[in-house]
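Written out below as structure tokens is the structure these notes cover.
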2 protein chains.
Amino acid sequence: MQGGKPPRKPTLSQVAQIAGVSEITASRALRDSASVTQGTARKVQEAAAQLGYLRNRLAGALAGGPSNQVGVILPSLANIVFADVLKGLEDHFEDAGFHPVLGISNYDPQREERLIRDLMSWRPAGLVIAPSNSTSASRKLLAGAGFPVVEIMDVDIDPVDMCVGISHHGAGAEMARHLIERGYKRFAYIGHDIVRDQRALTRLNGFTATLEAAGQSLSATLTLDAPSSVTLGRNGLAQLLREADQAPDVVYFSNDDMAVGGVFHCMSENISLPDQLAIAGFNGLEIGQALPVPLTTTGSNRVRIGQKAAGAILQRLKDGNTAPAAQSIDVGFTLVHGGTA
Amino acid sequence: MQGGKPPRKPTLSQVAQIAGVSEITASRALRDSASVTQGTARKVQEAAAQLGYLRNRLAGALAGGPSNQVGVILPSLANIVFADVLKGLEDHFEDAGFHPVLGISNYDPQREERLIRDLMSWRPAGLVIAPSNSTSASRKLLAGAGFPVVEIMDVDIDPVDMCVGISHHGAGAEMARHLIERGYKRFAYIGHDIVRDQRALTRLNGFTATLEAAGQSLSATLTLDAPSSVTLGRNGLAQLLREADQAPDVVYFSNDDMAVGGVFHCMSENISLPDQLAIAGFNGLEIGQALPVPLTTTGSNRVRIGQKAAGAILQRLKDGNTAPAAQSIDVGFTLVHGGTA
DNA sequence: CCATTGATTGACAGCGCTGTCATTCAATGA
DNA sequence: TCATTGAATGACAGCGCTGTCAATCAATGG
């Protein structure tokens, strides 16, 4: 950059001129060489190479061509969970030549709404969103999007278009059933910033509903107003044990990060797992399974969710408007029988 | 979607008409309400709201307006390392209203080149790339990009424009120095698919160069032709110990995933760390530090790299063409004195 | 030999917006 | 009072490409 104004990039019309064909023929040759004669295709490609031509998809998309961009809105990247989902999305999008355009909502509905607007203003081919208490304006935007929209993570919702995920209510319920069956009696819960993380709350609801149906209940609940982390879980368990009138015999944590923290507290305090205290988490993270005593938790198939979501978008794009109406894909969860509960 | 053709979205000219102003005034009111009278701004905003107008940035960018998209090319998302980098990028881009457009090269130079073309064809405001043996065509593309380009992860390179990272050669050298100082004599190395992961190779080069300068050398080297993983590291160490004529007293692994696998092998075989065998890794992942005996490793400041890279792009964009020429930002690494070496 | 067919190619118009420059007009000071 | 200034607004043109439909032309069969 010598300070001069940037030299204009070569355009399609220049390529066409050199190749001695019309602009539209050059366009076709470059996009799908099978739609023109072999000779024509070669001439055009040579001209493009000679000029260092680089397609301008801005113009292409504006003129009505397809976009290969897909909006992706996730609440956070601080935690491996959504990185896994993103990986799953990439797995399928990359192969199809699509690119995620990323926005992080930070669990903030207002920010999420702004992101939806922002990403939609690029007229993407589709949108994948892990919703965070979406505003009604957000839902209205998505409903009128005019392209496929997939809401991911949770299937306990009324999707605007499609959704892919698991039943968090069901996951909480299943864990409650497992713990009841194991004979635990004094249940406690330790959670993180649950106002923002709606899905953790849904799990808790499923958990307590099942306890109550079995004539049991939570004897202690601690929710901490901060993002989930190992440290938060460790401190949380310390606090709960300190403050509880009667010690619980099992603690359900809002997720594996928190639960691993709980395990660490037990290790450092010589509380034996699961005899003296049992611990359960959610997600099935690798770290939980790599512990000396593997964590009892619920596997949440995060990568799978991403893959299925990408697949749903691509399928819909291929089918055009003849596609089936709103659908919900449940990838299912699995109870991981570790050694901590 | 009733099967009819998608209804046209409201356009700026419709907004302008309703507001009773010219198109360009409406455009200005919507982009920067301070550039028009308060009253005008209100009228336009009301008209836009009434119509459900959604800005079309495709048209805007084509007409010469700025883009808020930034191409981001990473080799993989399978591993927390690049998820961390992406988080760092997001931290700064999100606040500035920029969005990463993601491409995953899978450590494949050809694929990387295709991605560069693909992302550049959207005329982004900048590009961040963790290079994977970039082809000369790739470098040429980047050199003529006309927007800021940051190559990340490694500063031991000749950057096309800017670069942000650490010296992997230096990191390998530093670990060698540390291990020599500790008195280890029989050094071994276990690595993963090093043909593709060039940076791991650079660390190894720094490591061996330093050993040799001190009159030492690697007594055993095992490189496995697969992506790095805990399992690969575990099996690798088992294989190395089985095949080696003389057992090493310290093993340098290509990264923490691999090294943690090595630690697991030692645990299951009752090999005491670090007396019987010492282990060192690279990255400073949380899991390594959460082990019963924390891993000796090199902290690589991944989130910081992302943040600095985003900052460099944003700064350059603000400064316009008057910006300083090519620069290299070294965020530095830190030796993590764990208990395994 | 001529009508018919399908494959190639091209003309046209316009996607929706913004940079650039010119115009308008009220406010200001000599 | 009139020239001067700066803010607000507008006219114009064009960014680079692709969908649609029409035109062309060689190959085919009756």
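Letters A, B, ... mirror the listed sequences (proteins, then strands); counts begin at 1. Every value quoted in this text rests on a predicted model; they were computed, and no experiment measured them.
Distance CH2 (Trp122(A)) to C1' (dC17(C)): 12 Å, rounded to an integer number of Å. Spacing between atom CG of Leu62(B) and atom P of dT18(D) amounts to 12 Å, rounded to whole angstrom units. Glu23(A) has its CD atom 21 Å from the P atom of dT8(C), to the nearest Å. For the pair Gln38(A) CD and dT8(C) C1', the interatomic distance rounds to 14 Å; values are reported in whole Å. Between the CG atom of Leu30(A) and the P atom of dC17(D) there is a distance of 9 Å, rounded to whole Å. Atoms CD1 (Ile24(A)) and P (dT24(D)) sit 18 Å apart, rounded to a whole Å.
With dG19(C), dC17(C), dT9(C) as the candidates, the nucleotide lying closest to the side chain of Thr37(A) is dT9(C). Listed nucleotides: dG10(D), dG16(C), dT18(D). Nearest to the side chain of Ala63(A): dT18(D). You'll find that the side chain of Thr11(A) is closest to dC17(D), out of dG10(D), dC15(C), dC17(D). Nearest nucleotide to the Thr40(A) side chain, out of dT9(D), dG10(C), dT9(C): dT9(C). The side chain of Leu12(A) has dC17(D) as its nearest neighbour among dC17(D), dT18(C), dA11(C). Of the candidate nucleotides dT18(C), dT20(D), dG16(D), dT20(D) has the atom nearest to the side chain of Arg28(A).
Remark: Glu23(B) pairs with no residue by the salt bridge (Lys or Arg N to Asp or Glu O under 4.0 Å) rule, at least two apart or across chains.
Across the interface with DNA chain D, nearest-nucleotide mapping of Gly64(B) and Gly20(B) shows Gly20(B) to be the residue nearer the 5′ end.
Listed by residue number, the members of residues 41-61 of chain A with any heavy atom below 4.0 angstrom from DNA chain C form an empty set.
Rounded to the nearest 0.5 angstrom, Arg111(A) CZ and Ile73(A) CD1 are separated by 11.5 Å. The distance from atom CZ of Arg123(A) to atom CZ of Phe147(A), rounded to the nearest 0.5 Å, is 8.5 Å. In this structure, Glu90(A) CD and Ile104(B) CD1 are separated by 4.5 Å, a value rounded to the nearest 0.5 Å. With values rounded to the nearest 0.5 angstrom, Leu115(A) atom CG is found 10.0 Å from Leu74(A) atom CG.
At a threshold of 4.0 Å, the pair Asp108(B)-Arg196(B) does not count as salt-bridged, since none of the basic side-chain nitrogens sits closer than that to a carboxylate oxygen. A salt bridge does not link Arg114(B) with Asp118(B): every distance from a Lys NZ or Arg NE/NH1/NH2 to an Asp or Glu carboxylate oxygen is 4.0 Å or more. Taking 4.0 Å as the cut-off between side-chain N and carboxylate O, Glu151(A) and Arg139(A) count as a salt-bridged pair. No salt bridge links Arg199(A) with Asp156(A); every basic N to acidic carboxylate O contact stays at or beyond 4.0 Å.
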N/O to N/O distances under 3.5 Å, protein versus nucleotides 22-24 of chain C:
none

